[in-house]
Novice: 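I have a structure here, written as structure tokens, and I will follow up with some questions on it.
Quantities reported herein were computed from a predicted structural model and do not represent experimental measurements. Along the sequence shown, residues carry numbers from 1. Atoms considered below: every heavy atom in the structure, side chains included; atoms not considered: hydrogens, waters and symmetry mates.
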Amino acid sequence: MFPLATGQQFGGLPLMPVQAMTQQATRHARRVYVGGLSPTANEQSVATFFSQVMAAIGGNTAGPGDAVVNVYINHEKKFAFVEMRSVEEASNAMALDGIIFEGAPVKVRRPSDYNPSLAATLGPSQPSPNLNLAAVGLSPGSAGGLEGPDRIFVGGLPYYFTEAQIRELLESFGPLRGFDLVKDRETGNSKGYAFCIYQDLSVTDIACAALNGIKMGDKTLTVRRANQGATQPKPEQESILQHAQQQIALQRLMLQPQGVPTKVVCLTQAISEDDLRDDEEYGDIVEDMRQEGGKHGALVNVVIPRPNPNGESLPGVGKVFLEYSDVEGSRKAQAAMNGRRFGENQVIAVFYPENKFAQGEYDG
């Protein structure tokens with residue numbers, strides 16, 4: 001253990017018996033786990049380093065003196081438990097995840113005995129948004145804001161997904177407070193999993209329920225609270241969940257490879273079946289699509305299947321097919337129209353087999 005004078009805090013005042021009892025009761029919320037230490041690390045060097053960086057980022061909230069009061073190191077497994085003076089300072093220390101200590105980045109996490117529910121009654125569970133992380137070479141908004149019971153683990157991500165694509169998928173449920181795509185330290189490539197936390201914590205279970213188990217390319221997502229098993233959404237959240245699942249279906253289609261380019265582009269989510277029943281409105285839609293599609297190349301044909309007069313839905317109803325004279329035109333159209341909005345609809349544009357289109361098969 002880091003040597004402390006009997007009955008005294010490190011750099012502080014003597015502890016009275018009541019204070020000692022309070023310290024014991026809050027210890028789980030005042031300790032942080034630090035992993036990945038170098039072999040040369042010792043209690044004194046860890047205590048000095050974390051006290052200095054806490055002061056540098058403005059993370060000391062318990063008054064003058066050092067933030068660290070105690071350090072225990074497991075040299076064999078290269079980790080330490082660092083005890084702070086206050087619950088708030090321990091939460092601020094969560095922003096130090098990934099900081100360089102003795103030449104290597106270290107992990108800063110909550111210890112295994114951390115009780116989120118109890119800790120929430122003792123003080124802030126998130127780092128202060130006003131910390132000056134740049135002073136120690138860290139960026140705000142990454143892993144630093146990703147602690148607490150509402151932190152979400154997102155696993156099974158295809159390696160080719162970019163950070164922007166993953167964020168777009170997650171933000172179908174609302175803006176994120178923090179996001180961290182875990183990458184290989186040497187190559188910088190995605191490791192296929194990430195962590196996030198939402199600004200509106202009430203959507204946490206909705207996002208987990210909607211995303212968990214869906215297929216993305218050749219992968220299946222595992223999405224759950226990072227600190228505990230997944231829980232089911234409450235009944236009053238079901239309508240929000242259904243809407244979110246629809247959004248996820250759209251995002252999933254948009255993130256998938258769009259296939260080998262052909263001269264035919266198929267648009268989905270551009271129009272609704274009801275839009276096609278009125279003859280005059282149908283004519284306007286065809287003309288609008290002809291004008292829009294013609295901006296990207298020589299347009300040969302526009303096909304928009306309609307429902308039967310008796311209301312029966314036929315294959316391809318709700319889709320728009322744009323046939324170009326060459327692949328160059330269809331490439332430009334697909335790139336420009338995929339993800340665009342027509343009214344309230346977000347369009348998905350994919351290439352369509354020319355032989356199926358020529359035979360009038362619109363159900364692909």
Novice: Group every Ile, Leu, Val, Met, Phe, Trp and Tyr by side-chain heavy-atom contacts under 4.5 Å, then state whether V53 and L133 land in the same group.
Specialist: yes

Novice: Please check: side-chain N/O of N301 versus main-chain N/O of E323, any donor-acceptor pairing under 3.5 Å?
Specialist: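 Pair absent, no side-chain N/O of N301 close to backbone of E323.
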
Novice: What is the ring orientation for F357 with F321, classed by angle as parallel under 30°, tilted 30 to 60°, or perpendicular over 60°?
Specialist: tilted

Novice: Got a salt bridge between R31 and E83, using NZ or NE/NH1/NH2 to carboxylate O under 4.0 Å?
Specialist: no

Novice: Below 4.0 angstrom, N of the basic side chain to O of the carboxylate: do D66 and R85 qualify?
Specialist: no

Novice: Is there a side-chain contact between V265 and H296 in this structure, where contact means two heavy atoms from C-beta onward sitting under 4.5 Å apart?
Specialist: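 A side-chain contact under 4.5 Å is absent here.
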
Novice: Is there a side-chain contact between V34 and V46 in this structure, where contact means two heavy atoms from C-beta onward sitting under 4.5 Å apart?
Specialist: no

Novice: Please determine which of V68, L96, L131 meets the side chain to side chain contact (heavy atoms under 4.5 Å, CB included) test together with M54.
Specialist: L96

Novice: Would you say the side-chain atoms of Y324 pair up with the backbone N or O of K332, donor to acceptor, closer than 3.5 Å?
Specialist: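 Judged by distance alone, no pair lies under 3.5 Å.
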
Novice: Before you tell me yes or no, could you show the steps for S91 and R30 under side chain to side chain donor-acceptor pair (under 3.5 Å), namely the whole-Å CA-CA distance, both residues' side-chain angles and the distance that decides it to 0.1 Å?
Specialist: CA-CA 8 Å; S91 293; R30 291 187 296 103; over 6 Å; no

Novice: According to salt bridge (Lys or Arg N to Asp or Glu O under 4.0 Å), who are the partners of K78, at least two apart in sequence or on a separate chain?
Specialist: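 For K78 there are no salt bridge (Lys or Arg N to Asp or Glu O under 4.0 Å) partners, ignoring immediate neighbours.
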
Novice: Y72 vs F81 aromatic rings, parallel, tilted or perpendicular, using cut-offs 30° and 60°?
Specialist: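 Ring orientation of Y72 relative to F81: parallel.
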
Novice: Are any side-chain N or O atoms of E354 and backbone N or O atoms of V264, one a donor and one an acceptor, separated by less than 3.5 Å?
Specialist: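 Flag not set: sc E354 to bb V264 has no pair under 3.5 Å.
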
Novice: At their closest point, which heavy atom of P307 faces which heavy atom of V317, and how far apart are they?
Specialist: N-CG2, 3.9 Å

Novice: Does any donor atom in the side chain of S330 or Q334 lie under 3.5 Å from an acceptor atom in the other side chain?
Specialist: no

Novice: Is the closest side-chain heavy-atom distance between R224 and I152 below 4.5 Å?
Specialist: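 With C-beta onward as the side chain, the pair stays apart.
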
Novice: Answer yes or no: is there a donor N or O on one side and an acceptor on the other, between the side chain of H28 and the main chain of N115, under 3.5 Å?
Specialist: yes

Novice: Atom OG in S51, atom CG in N60: separation rounded to 0.5 Å?
Specialist: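 Going from OG on S51 over to CG on N60, the span is 7.5 Å.
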
Novice: Taking all non-hydrogen atoms of both residues into account, name the closest pair between A93 and V108 and its distance.
Specialist: O-CG1, 3.4 Å

Novice: Please evaluate residues L211 and L169 with respect to the criterion side-chain contact (heavy atoms from CB on, under 4.5 Å), reporting the C-alpha separation (whole Å), side-chain torsions for both, the decisive distance (0.1 Å), and the verdict.
Specialist: CA-CA 9 Å; L211 287 166; L169 185 68; 4.2 Å; yes

Novice: Do C196 and F173 have side chains that get closer than 4.5 Å, going by heavy atoms?
Specialist: no

Novice: Do you know the tightest heavy-atom contact between E163 and F179?
Specialist: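 Scanning both residues completely, I find the closest heavy atoms to be OE1-CE2, 4.0 Å.
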
Novice: The test is side chain to side chain donor-acceptor pair (under 3.5 Å); show your working for Q44 and T48 and say whether it passes.
Specialist: CA-CA 6 Å; Q44 181 66 59; T48 301; 3.0 Å; yes

Novice: So if you build clusters from Ile, Leu, Val, Met, Phe, Trp, Tyr with side-chain heavy-atom gaps below 4.5 Å, do Y198 and L181 land together?
Specialist: yes

Novice: May I ask you to test the K319-L267 pair for a side-chain heavy-atom distance under 4.5 Å?
Specialist: no

Novice: Between I166 and E168, is the side-chain contact (heavy atoms from CB on, under 4.5 Å) condition met? List the steps.
Specialist: CA-CA 5 Å; I166 299 166; E168 185 177 7; over 6 Å; no

Novice: Would you call R109 and D97 a salt bridge, using N to O less than 4.0 angstrom?
Specialist: yes

Novice: Does N132 use its side chain to pair, donor to acceptor, with the backbone of I57 at less than 3.5 Å?
Specialist: no

Novice: Evaluate side-chain contact (heavy atoms from CB on, under 4.5 Å) for L37 paired with F101, printing each intermediate quantity in order.
Specialist: CA-CA 8 Å; L37 293 173; F101 173 61; 3.7 Å; yes

Novice: State, yes or no, whether a side-chain contact exists between V302 and E287 at a heavy-atom distance under 4.5 Å.
Specialist: no

Novice: Quick check for you: to the nearest 0.5 Å, what is the distance between L276 atom CG and I271 atom CD1?
Specialist: 4.0 Å

Novice: Output yes when a side-chain donor or acceptor of S45 lies under 3.5 Å from a complementary backbone atom of A41, and no otherwise.
Specialist: no

Novice: Rounded to the nearest 0.5 Å, how far does OG of S112 lie from OH of Y33?
Specialist: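 Spacing of OH (Y33) from OG (S112) equals 10.0 Å.
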
Novice: Kindly say whether A29 contributes a backbone atom to a donor-acceptor pair with the side chain of T26 at under 3.5 angstrom?
Specialist: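 No; judged by distance alone, with no hydrogens or angles, the pair does not exist.
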
Novice: If you measure from CD1 on I214 to OG1 on T222, what distance do you get to the nearest 0.5 Å?
Specialist: 11.0 Å

Novice: To check you understand the geometry: which heavy-atom pair defines the closest contact between N92 and G59, and what is its length?
Specialist: ND2-O, 3.0 Å

Novice: Mark yes or no for whether T262, through its side chain, and Y352, through its backbone, hold a donor-acceptor pair below 3.5 Å.
Specialist: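 The answer is yes, because a donor-acceptor pair under 3.5 Å joins these two groups.
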
Novice: About how many Å separate CG of L176 and CZ of F195, when rounded to the nearest 0.5 Å?
Specialist: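 Result: 14.5 Å between the selected atoms.
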
Novice: Taking the cut-offs as 6.0 angstrom to the six-membered ring centre and 45 degrees off its axis, would you call R306 and Y282 a cation-pi pair?
Specialist: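 Geometry flag: set, cation within 6.0 Å and 45°.
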
Novice: At their closest point, which heavy atom of V71 faces which heavy atom of A80, and how far apart are they?
Specialist: CG1-CB, 4.4 Å

Novice: For R225 and D205, what are the C-alpha separation, side-chain angles and deciding distance, and is it a salt bridge (Lys or Arg N to Asp or Glu O under 4.0 Å)?
Specialist: CA-CA 8 Å; R225 287 176 182 261; D205 290 330; 3.0 Å; yes

Novice: Return the minimal non-hydrogen interatomic distance between V223 and N212, and the atom names on each side.
Specialist: N-OD1, 2.9 Å

Novice: With a 4.5 Å limit on heavy-atom distance, are the side chains of Q126 and M94 in contact?
Specialist: no

Novice: For the side chain of E89 and the backbone of T61, is there at least one donor-acceptor N/O pair under 3.5 Å apart?
Specialist: yes

Novice: Contact between Y159 and N189 at the side-chain level, heavy atoms closer than 4.5 Å - yes or no?
Specialist: no

Novice: Looking at E280, I'd like to know if its CD atom is crowded, meaning that more than 12 non-hydrogen atoms belonging to other residues, nucleotides or ligands lie closer than 6.0 Å.
Specialist: no

Novice: Within this structure, what is the CD1-CZ distance for the pair I99 and F49, rounded to the nearest 0.5 Å?
Specialist: 4.0 Å

